[in-house]
Amino acid sequence: MYRLDRRSWLQATGLASLAGSLAAGTRLAGQPGAAPANHAAHGSHVMGTVGRVSKETFDPVAYLRSWNFSDLPPAERDKYYRETPRPDGTLLREYEIFAVDRDIEIAPGMFFPAWTFNGHVPGPTIRATEGDRIKVTFKNIGTHPHSMHFHGWHPPAMDGALPGQEVQPGESFVYEFDADPFGLHLYHCHTVPLKRHIHKGLYGAFIIDPRSTRGSRPPADELVMMMNAFDTNFDADNEVYAVNTVANAYLQDPIPVTVGRLVRIHLINVTEFDLVNSLHLHGMFFDVYRTGTSLTPSERTDTLMLCQGERAIIETTFRYPGDFMFHAHQSEFAELGWMGLFRAEEARRET
Ligand SMILES: [Cu+2]
C-alpha cells in the first residue's frame, strides 16, 4: 500500500517550507543578480498553503474570540447555553454538548475523519467565573463510546475517565460541578484508547476567570489558541500541525490586533504523538501565567514550551504596527502548518 510520508504529502498538497519561501525572496549581500540553478529551483516554493479552507463549518478567526457560544445568533445560542443567577451571586451555566463524527478540512482539500464536540475541532470554549456551577448535558450521537473529562476540582463521579464512565452511542450524561480553580483548563474525551480519542479531535478550552474579590485581570483583547495536530495516515505520527486546527489559517487571515492594547492569549497544547509543542512570537516578549492560576506572571519570554495538556495565559502589548509572525519553534511543526501572523494596526482616533 502506498504510504504518504510527511515530505511527499507536503509536495502533494502545496504546503511548503518556510526556509524555501525565504530563500525565494532573499538574496545574500554581495550576491550577483543571476541566481544559481538550485536557487531558481527554490523559487517554486511558496509560503503556507495553496487555496483556501471552507469556513462554512469552522471559522478559525471567529473561534479565537468566541466562548459560551457567543459566535451564534441569540436564538441559536439559547439552544446550547443558558445562564441563571443564583442567590449567592454566582451563575448556573448550562451547556448542551454532543459528540458527533464529522470529516473536517484541515488544509485546502485535505479532510480528516474527526470525532468532534458540536461538529468542530476544537470543541466550543466553555468559560465561567470561579464559584459558578457548571452543568453540561452531554449526548453521544457518534459511533464510538465517548466522555467528557474536565480539568479542575470535581468528585470522581464527574471525572468521565473511570471504568464504566464512557457514554455509549445514543446515550447521554450530565456533568455537574463548581468552577474551580480559576485558571486556563481544558476538557477532552477520556475513553480508551485515549490517544486516539483525543487526537481525533475531542477537546476544547475551559476558562475559569477569578472571582471579583481576588481582583480581576485587566481588560484585554482575548484569544483562544489550541495547539493541535493530525495524524492523517494513522501511523502515530502527525502530518499536519496547526493552531486551531486549520494549517496556516492565520497566515492567510492574519489576526488583527491594536497597537497599545493588551492582548491576552489562552494557549493550550493538545498535540498528540509529540512530547511538546511551543509558541514563539517575533519582535516582542510576553508575560506568562502558567495554567492561568495566578494573577502575577512568573516569566517574561518570547518562546514558551508546553507538554500535552499543559496550558498558559500569555499577555503582551504590540508596540509597533505591522505583521508579527508566530509559530512553533520546532521548525518541522512550523513547516507543516503551525505558523501564523498578527497584524497590528494603530488604534483609530475619534475625529
Ligand atoms: Cu472519545
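The chain is numbered in sequence order, starting from 1. As the structure lists them, so they are numbered: ligands from 1, and atoms in each ligand from 1.
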So with a 6.0 Å cut-off around CZ of Arg52, is the heavy-atom count from everything else above 12?
yes
Donor-acceptor contact below 3.5 Å, side chain Asp78 vs main chain Arg82
no
Counting backbone and side chain alike, does His197 bring an N/O/S atom below 2.8 Å of the Cu ion (ligand 1)?
yes
Determine which of the N, O or S atoms in His146 is closest to the Cu ion (ligand 1) and give its atom name.
ND1
Under 4.5 Å between side-chain heavy atoms, hopping through other hydrophobics if needed: is there a path connecting Met284 to Val288?
yes
Under a 4.0 Å threshold between the charged nitrogen and the carboxylate oxygen, would Glu130 count as salt-bridged to Arg214?
yes
With a cut-off of 2.8 Å, does His144 place any N/O/S atom under that distance from the Cu ion (ligand 1)?
no
